[in-house]
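Take a look at the structure below.
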Amino acid sequence: MDFELRRAREKLEQEQRERKLKAKLKLDREKKAKQEAIRQREAIEAVQRARRLDAAEAQAKATQQIEEELLAGRGVAFSRVLEAVPYEGAGDKIKLPPSCFTELSDQGAFDKGPLHFRVSVIHQSSLSDLKDAEQNKRTTHAGVLEFTADDGVVALPSHIWSNLYPAESPMVPMVEVCYVWLSKGTYAKLQPVEAGFSDIPNHKAVLETSLRQHATLSEGDVLTVNHGVLTYHLRVLELKPSSSVSVLETDIEVDVIGADPTAESTSQPVLQPLELGKLDSGVVAEGSYVYYKFQIGDDIWGKISSGDAEIEVKIESENHDGDTDLYVSRHPLLFPTQHQHGWSSHDIGSKALVLNSRDLGLGPGTYSNGIYGFKGTTKYKVSVSIRDKSNLKIGQQAVSSTLSADADTVECQNCKHYIPSRSIALHEAYCRRHNIICQHTSCGVVLRRDEVKNHVHCEECGLAFQKEEIEKHKKVFHVPLNCPCGIVLEKEKMVQHQSVECPLRLVTCRFCGDMVQAGTSAADVRDRLRGLTQHESVCGSRTAPCDSCGRSVMLKDMDIHQVAVHQKN
């Protein structure tokens with residue numbers, strides 16, 4: 001009996017324990033469910049709160065942007081996101097759709113002066129990269145050329161495109177175009193990317209001509225300046241009074257500093273400085289040019305013009321399997337070539353070019369040496385020196401006076417030299433045995449018999465050369481050369497043609513200072529009588545205020561105006 005009671009009690013206690021455990025587990029589950037529900041509710045509230053904050057922040061940013069646009073545009077709020085397409089054009093003028101014209105006109109933007117726009121790249125990136133894209137957002141400024149682009153498209157010239165997309169452009173480039181008001185610039189500091197920009201004669205006038213095609217400047221932008229066949233890039237380092245300015249109808253002070261020494265070298269030729277009286281060495285490959293520059297000052301030119309000195313440009317070849325040609329020009333021709341140069345030397349091996357007061361075009365100024373690799377790779381040494389002729393002239397005068405004083409001479413029948421009469425018989429016997437006179441027309445040079453086989457004449461021009469020189473002479477002077485204008489001439493006529501006659505030759509405009517193609521004759525008869533080229537006829541039609549009376553006068557009529565109105569020569 002006791003055993004059964006004990007078993008019943010134990011069973012009851014076990015059942016009670018199980019019920020308590022189940023009840024505890026149920027309470028734990030309910031508690032966890034409540035906590036999970038609370039966590040989910042808090043997460044939902046946090047997301048909703050973050051969305052409300054983001055919406056408020058976006059609204060604040062939009063309001064701030066509208067206020068900034070109104071402030072920057074002085075009451076004009078214009079902003080468009082457009083697809084960018086490039087077009088071939090100079091300067092920084094963009095093309096907008098006609099709908100932009102209507103929107104700007106309705107807000108009175110055309111009454112506020114020239115239109116300027118801020119052009120920014122829209123980065124098509126993921127949300128994780130949005131902050132980095134915002135920090136690296138590329139922006140520049142531009143004017144407007146016309147409102148003829150397709151809807152949803154803005155056409156960008158190469159200057160704007162290269163500054164917004166210096167590397168590869170995206171598949172669908174998108175930009176934001178905002179109207180802004182820019183103050184007129186007063187100062188700009190520029191730095192050439194390549195070396196050699198300051199070698200251009202009147203390089204600031206060339207830069208001014210390039211800036212006429214621009215409406216704005218922005219710090220960090222890179223300007224492209226073309227000078228003939230040369231292209232230079234200048235980085236905008238500093239602007240005043242703000243980081244972006246307008247350059248329309250304003251006088252801006254431009255400071256061009258030295259080239260960036262860390263920039264990569266280009267294939268564009270560069271003038272290396274060469275001091276008078278000092279040697280410089282180098283290597284030139286076949287078909288390539290190496291260029292140097294030197295100065296002739298007023299003091300040196302005084303000696304040259306009086307006949308007391310002369311310029312000697314000398315090249316010494318250090319190897320015999322290569323050969324060079326030497327070309328010299330006076331600026332503004334920076335880089336002399338086979339077709340365009342002032343003076344040249346084509347001797348085989350080492351060569352010297354002597355310039356004196358009798359050479360037309362010589363004067364004080366800057367000159368360029370062009371060393372051309374005619375054959376093989378040549379190591380050379382180049383120098384420019386001043387040769388003093390005063391002592392030489394005194395010696396020549398003494399010798400000539402001595403010869404003129406000795407009148408007891410007889411002309412040799414073989415070599416035609418005057419020999420003292422007391423030794424004429426002995427001289428003629430020796431001369432006829434060892435010397436031969438060249439029978440070529442207008443030559444008559446006296447040669448030793450062992451030199452006759454090396455003495456030859458060119459069939460084209462009749463000039464005399466050594467046998468090893470005639471092949472190079474024919475290649476240089478008598479192989480027809482093709483001018484880009486279509487004319488085929490030999491070297492000497494080609495040099496004359498490209499210096500005076502070729503419509504594609506580069507000349508310095510007397511009004512803008514830039515190197516431009518001469519073109520055909522001016523359309524206006526009066527301009528042709530003045531000797532103006534086609535470019536100068538158009539460029540000279542620009543007006544400028546007279547320094548004396550302030551009237552606007554065309555540049556090509558300014559000299560006539562000064563004489564006729566102000567009686568100035």
(message) Walk me through whether L223 and L190 qualify under side chain to side chain contact (heavy atoms under 4.5 Å, CB included).
(response) CA-CA 9 Å; L223 298 174; L190 309 178; 4.3 Å; yes
Have [X] and [Y] got a donor and an acceptor in their side chains that come within less than 3.5 Å?
X	Y	result
H141	S218	yes
S243	E219	no
S120	T139	yes
H233	E194	yes
D524	S537	no

(message) Is it true that, when you exclude R510 itself, more than 12 heavy atoms of the residues, nucleotides or ligands shown sit nearer than 6.0 Å to its CZ?
(response) yes
(request) For atom CG of D54, decide whether the heavy atoms of other residues, nucleotides or ligands shown that lie under 6.0 angstrom number more than 12. (result) yes
Counting only pairs under 3.5 Å, give me each side-chain donor-acceptor contact of residues 159-166, with atom names and distances, residues two or more places apart or in other chains.
| unit_1 | atom_1 | unit_2 | atom_2 | d |
| --- | --- | --- | --- | --- |
| H159 | ND1 | N163 | ND2 | 3.4 |
| H159 | ND1 | V222 | O | 3.4 |
| S162 | OG | S158 | O | 2.9 |
| S162 | OG | H159 | O | 3.1 |
| N163 | OD1 | V222 | N | 2.8 |
| N163 | ND2 | H159 | O | 2.7 |
| N163 | ND2 | V222 | O | 3.4 |

Any carboxylate oxygen within less than 4.0 angstrom of a Lys/Arg side-chain nitrogen, looking at [X] and [Y]?
X	Y	answer
K189	E238	yes
D199	K293	yes
K375	E286	no
R7	E10	no

(request) Would you please name every residue forming a side-chain hydrogen bond (donor to acceptor under 3.5 Å, both in side chains) with S99, sequence neighbours left out? (result) R80
(message) So which atom in P98 and which in D151 form the shortest heavy-atom distance, rounded to 0.1 Å?
(response) CD-OD1, 4.2 Å
(message) T378 vs I371, test: side chain to side chain contact (heavy atoms under 4.5 Å, CB included). Steps then yes/no.
(response) CA-CA 10 Å; T378 307; I371 302 176; over 6 Å; no
